[in-house]
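Just so it is clear, the structure is predicted and the values come from calculations on it, not from any experiment. Quick note: residue numbers are just sequence positions, from 1.
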Amino acid sequence: RMEAVGLLAGGVAHDFNNLLTVINGQSDLLLRRLPESDPTYEKVQEINRAGLRGADLTRQLLAFSRQQVLKPRVLDLNQVACNTERMLRRLIGEDIELELYLSPAAGSVLADPGQIEQIILNLVVNSRDAMPSGGRLVLETANVELDESYCRDHPGALPGPHVMLAVSDTGYGMDAQTQARIFEPFFTTKEQGRGTGLGLATVYGIVKQSGGWIWVYSEPGSGTTFKVYFPRTNAVPERTQMVEVADEDKGGSETVLVAEDDEMVRRLVRETLESLGYTVLEASDGEEALRIAQTHPHGIDALITDVVMPRMSGGTLAAALTERHSRARVLYTSGYTGNVTAHHAMLGPGADLLEKPFTGSVLARRLRGILDAGNK
């Protein structure tokens, strides 16, 4: 049943990603053009805020359905936990005591750092809400060996060396009936209006997609402990590098070919890029995009293409286009994610993928970034 709900959630999220791209992108364009004194400015701003909240919801649905595009790297979980400590202390308030017990010997894991932070955040929020009158919250790491006996008793767990990330609290605790449902989407014990019921479902999806295992122990009145196990790797953790972020308003004069089968999304991308000075050519599918590229008298500097399109995938289009326009940079976009993206487009390692929904500002930064990288 959980798998069926996950597939449904992923499909719904994809359809909404195209709609939210248009809603967020067009409202973003309007906010750039309207003076704040305009009587409609605040209303457009509310539309934009609602669209961004919708985007957050689809990301949670995709996390639960395990269809996010992850960017795994070798991580030190201790470092990730330390990086979130200040934010967590602000989040839980002064009446909850936060303690970190991070094992110096904890090994490395292969995971997406942003998603690990999301796991910690969601678990801590869950613990905070279980301690309305204050309490104690513990975040810890340790090396753990899951043996065959443990895995037989816990279907889904895999034997071998792991790094454990645990979050414990002294809150209400849960009975067995509640524990059996906590990872179901939209299940919540909170009063109406206080939660979406997607926090723990999101954690579950991220953990499973990352090849990990999650377990909960709780008793009413005795608090709760969530233990997340990630397979341990012998690789050395990567250093965090400062990434130069391009000015979101920075445009250019290059020629950009846009291939997108959704007319509203295509129009948004064209309007956004033309407002920044780019010359934009647009096509509704890959075959049309190739015809335009062949007849265009000047070179193509960049291709922005949807990954999954009728008759020709974005990956096939990019390969054909770059044979003729070797200097063209490629930015993929998609409302599909995970294995669906890889299956349809066969994107190579290091491919630049912009996930829908995106705003005009994010699109401008990503495009400028790949163009500038190509000029170095």
Side-chain angles (χ1 to χ4, degrees), residues 12-34 38 40-41 43-59 62 69 246-286 288-289 292-293 296 300-310 312-314 317-318 321 328-337 341 345 352-371:
V12 170
H14 163 257
D15 290 340
F16 270 90
N17 278 339
N18 274 342
L19 297 174
L20 287 167
T21 297
V22 176
I23 292 169
N24 296 347
Q26 292 290 6
S27 59
D28 187 53
L29 278 175
L30 282 173
L31 288 174
R32 288 169 175 270
R33 295 169 180 171
L34 288 172
D38 191 291
T40 62
Y41 185 89
K43 295 184 183 299
V44 176
Q45 196 171 48
E46 281 300 304
I47 293 172
N48 188 257
R49 288 171 182 159
L52 293 175
R53 287 198 295 271
D56 287 338
L57 181 60
T58 59
R59 276 191 288 270
L62 287 170
V69 175
D247 185 346
E248 65 179 43
D249 292 320
K250 185 179 179 183
S253 58
E254 292 92 342
T255 297
V256 182
L257 176 59
V258 177
E260 166 64 60
D261 58 311
D262 187 294
E263 182 181 357
M264 291 189 296
V265 175
R266 192 168 67 247
R267 186 186 309 128
L268 167 69
V269 173
R270 187 196 72 227
E271 291 177 359
T272 299
L273 298 183
E274 285 182 342
S275 72
L276 294 170
Y278 295 103
T279 297
V280 180
L281 311 173
E282 56 177 305
S284 59
D285 58 45
E288 184 183 6
I292 292 173
H296 187 64
I300 305 295
D301 298 296
L303 168 69
I304 299 177
T305 178
D306 193 13
V307 170
V308 181
M309 293 184 294
M312 183 183 293
S313 73
L317 166 61
L321 180 78
R329 312 297 294 178
V330 180
L331 177 62
Y332 296 99
T333 68
S334 184
Y336 286 106
T337 47
T341 295
D352 286 290
L353 177 65
L354 177 59
E355 298 172 57
K356 298 174 182 175
F358 53 78
T359 65
S361 298
V362 173
L363 172 64
R365 285 200 300 269
R366 292 291 296 275
L367 174 61
R368 193 65 256 162
I370 66 169
L371 285 168

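- Rounding to the nearest 0.5 Å places OG1 of Thr272 at 8.0 Å from CZ of Arg32.
- The closest side-chain heavy-atom distance from Leu367 to Leu354 is not below 4.5 Å.
- The two residues Tyr278 and Leu371 have their closest heavy-atom pair at CE2-CD1, 3.9 Å.
- A distance of 9.0 Å separates CE of Met309 from OG of Ser284, quoted to the nearest 0.5 Å.
- A distance of 9.0 Å separates OG1 of Thr279 from CG of Asp301, quoted to the nearest 0.5 Å.
- In this structure, the side chains of Arg366 and Asp352 come closer than 4.5 Å at one or more pairs of heavy atoms.
- The CD atom of Glu355 sits 11.0 Å away from atom OG1 of Thr21, with the distance rounded to the nearest 0.5 Å.
- For CD of Glu274, the number of neighbouring non-hydrogen atoms (other residues, nucleotides, ligands) closer than 6.0 Å is greater than 12.
- The closest side-chain heavy-atom distance from Val269 to Val280 is not below 4.5 Å.
- Shown here for Ser334 and Asp306, the closest heavy-atom pair between the two residues is CA-OD1, 3.7 Å.
- Between Lys43 and Glu46 there is no salt bridge, since no side-chain nitrogen of the basic residue lies less than 4.0 Å from a carboxylate oxygen of the acidic one.
- The structure places CG of Asp28 at 12.5 Å from CD1 of Ile47, a figure rounded to the nearest 0.5 Å.
- In this structure a side-chain-to-backbone donor-acceptor pair under 3.5 Å is missing from Asp261 to Asp285.
- Minimum heavy-atom separation, Leu257 to Ala293: CD2-CB, 4.3 Å.
- Contact record, Asn24 with Asn48: O-ND2, 3.5 Å, taken as the closest heavy-atom pair.
- Proximity of Thr40 to Leu30: side-chain heavy atoms (C-beta onward) are nowhere separated by under 4.5 Å.
- A salt bridge does not link Arg267 to Glu260: none of the charged side-chain nitrogens sits closer than 4.0 Å to a carboxylate oxygen.
- In this structure, OG1 on Thr359 lies 12.0 Å from CG on Leu20, to the nearest 0.5 angstrom.
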Pair Thr333-Leu363, side-chain contact (heavy atoms from CB on, under 4.5 Å): steps then yes or no: CA-CA 10 Å; Thr333 68; Leu363 172 64; 5.5 Å; no
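- Without hydrogens or angle criteria, Arg368 side chain to Gly251 main chain gives a donor-acceptor distance under 3.5 Å.
- Taking each heavy atom of Ala259 and Leu317 in turn, the nearest pair found is CB-CD2, 3.6 Å.
- Closest heavy-atom contact between Leu19 and Met264: CD2-CE, 4.3 Å.
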